[in-house]
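Notes for the one structure printed next.
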Amino acid sequence: AASDGDGDRNMVLGKKFFVNPSDSVAIIAVYASQVIPYFKDGLKGLARSMPTSQALDRVANHLGVSIHEVPTGWKFFGNLMDAGRLSICGEESFGTGSDHVREKDGLWAVLAWLSIMAHANRDTPVGGPFVSLADVVKQHWHTYGRNFFTRYDYEECDDKRCKAMMAAMKGAIKNDRVEELDATADDFAYTDPIDGSKTLNQGLRFLFKDGSRFVFRLSGTGAAGATIRLYAELYESDASKVDNDAQTTLKPLVDKALAFSQLQHSTGRSAPTVIT
């Protein structure tokens, strides 16, 4: 596992195996009451940012606890924590945390995973076969199904063209012109359940009948210009398919998103800057 310079983010890696942050927070939630003494009495609730995959939702439903979907930005978890309605939360951008502190905590997430691995190997005899990180994750997929997930970042794009692209999609949503996708769509808005404050324009969501979705967000947090982020997610419950390659599995959905948005035309990019 690894953390960044100030310790607030984390990345979990096994032998030739990467754990998607969306899966990471879901698996931590599964094991929390078994391996983290702080949670020995169970969880109050779970939360994720809107673009983060719905793997955590499936765990929440299984555990019988509430799940909260909030805008991107760690501050949105704070009110839920203060009100005693949230125990563990995470974002697809490598942020994971719990209500022991009001910020994301990468070092805590690394320790949580070490505890999970120790628990998974508690009955492994000396010299016996080690339960690997990949084994733990794949067992989770076979139990809960897999939420295939990817994020495409198009960085340092022309700000005006990106805003025009987003406006065109918003117009299509507003005027109910998404029939070609056979999907429902909205511009995500959040009402804080604690103080009633409203946060609008948090990303364009396109939701399909099979539970798959893609999301577009415009961000100004890059070094220069604008950054367009495309998120794609597809749920697979068939145990014979959960080990398939994520990018191959998601390519038809990504292609559909690119065609509808005309992103490549708007950005002048034939490929994303970064794929997660």
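Heavy atoms only: backbone and side chains are in, while hydrogens, waters and symmetry mates are out.
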Sub-4.5 Å side-chain heavy-atom contact between Ser98 and Ser87: no
Hphob cluster co-occupancy, Leu253 + Val215, side-chain heavy atoms under 4.5 angstrom: no
Heavy-atom side-chain proximity of Cys89 to Trp74 below 4.5 angstrom: yes
Residues, nucleotides or ligands: over 12 heavy atoms within 6.0 Å of His100 NE2: yes
Student check: side-chain heavy atoms of Ile275 and Thr150 closer than 4.5 Å: yes
Thr248, Leu250, Asp245, Asn20 screened by side chain to side chain contact (heavy atoms under 4.5 Å, CB included) with Phe148, the one that passes: Leu250
Sub-4.5 Å side-chain heavy-atom contact between Tyr152 and Thr276: no
Salt bridge Asp159-Arg161, side-chain N to carboxylate O under 4.0 Å: no
Residue pair Thr191 / Gly196: nearest heavy atoms and the distance that separates them: CG2-O, 3.9 Å
Polar side chain donor-acceptor pair, Asp23 to Trp141, under 3.5 angstrom: yes
Validation row: Ile194, Arg85 side chains within 4.5 angstrom (heavy atoms): yes
Side-chain donor-acceptor pair present, Arg58, Asn147, cut-off under 3.5 Å: yes
Side chain to side chain donor-acceptor pair (under 3.5 Å) between Asp99 and Tyr38, worked out: CA-CA 10 Å; Asp99 63 346; Tyr38 181 72; 3.1 Å; yes
Centroid-centroid distance, Phe206 to Phe208, less than 6.0 Å: no
Flag for Thr96-Trp108: side-chain donor and acceptor within less than 3.5 Å: no
Non-hydrogen side-chain atoms of Ser219 and Arg229 separated by less than 4.5 Å: yes
Ion pair Arg102/Asp82, N-O distance below 4.0 Å: yes
Side-chain heavy atoms of Met166 within contact of Ile228, under 4.5 Å: yes
Test item: Asn244 and Arg146 side chains (from C-beta on) under 4.5 Å apart, heavy atoms: no
Pair listing, salt bridge (Lys or Arg N to Asp or Glu O under 4.0 Å) test, anchored in residues 65-80, at least two apart: Arg48-Glu69, Glu69-Arg205, Glu69-Arg213
Minimum heavy-atom distance between Ala60 and Ile67, given as atom pair plus value: CB-CB, 3.8 Å
Parallel, tilted or perpendicular: ring planes of Tyr231 versus Phe149, cut at 30 and 60 degrees: tilted
Test applied, side chain to side chain contact (heavy atoms under 4.5 Å, CB included); reference residue, Asp192; option that passes from Asn79, Val70, Leu80: Asn79
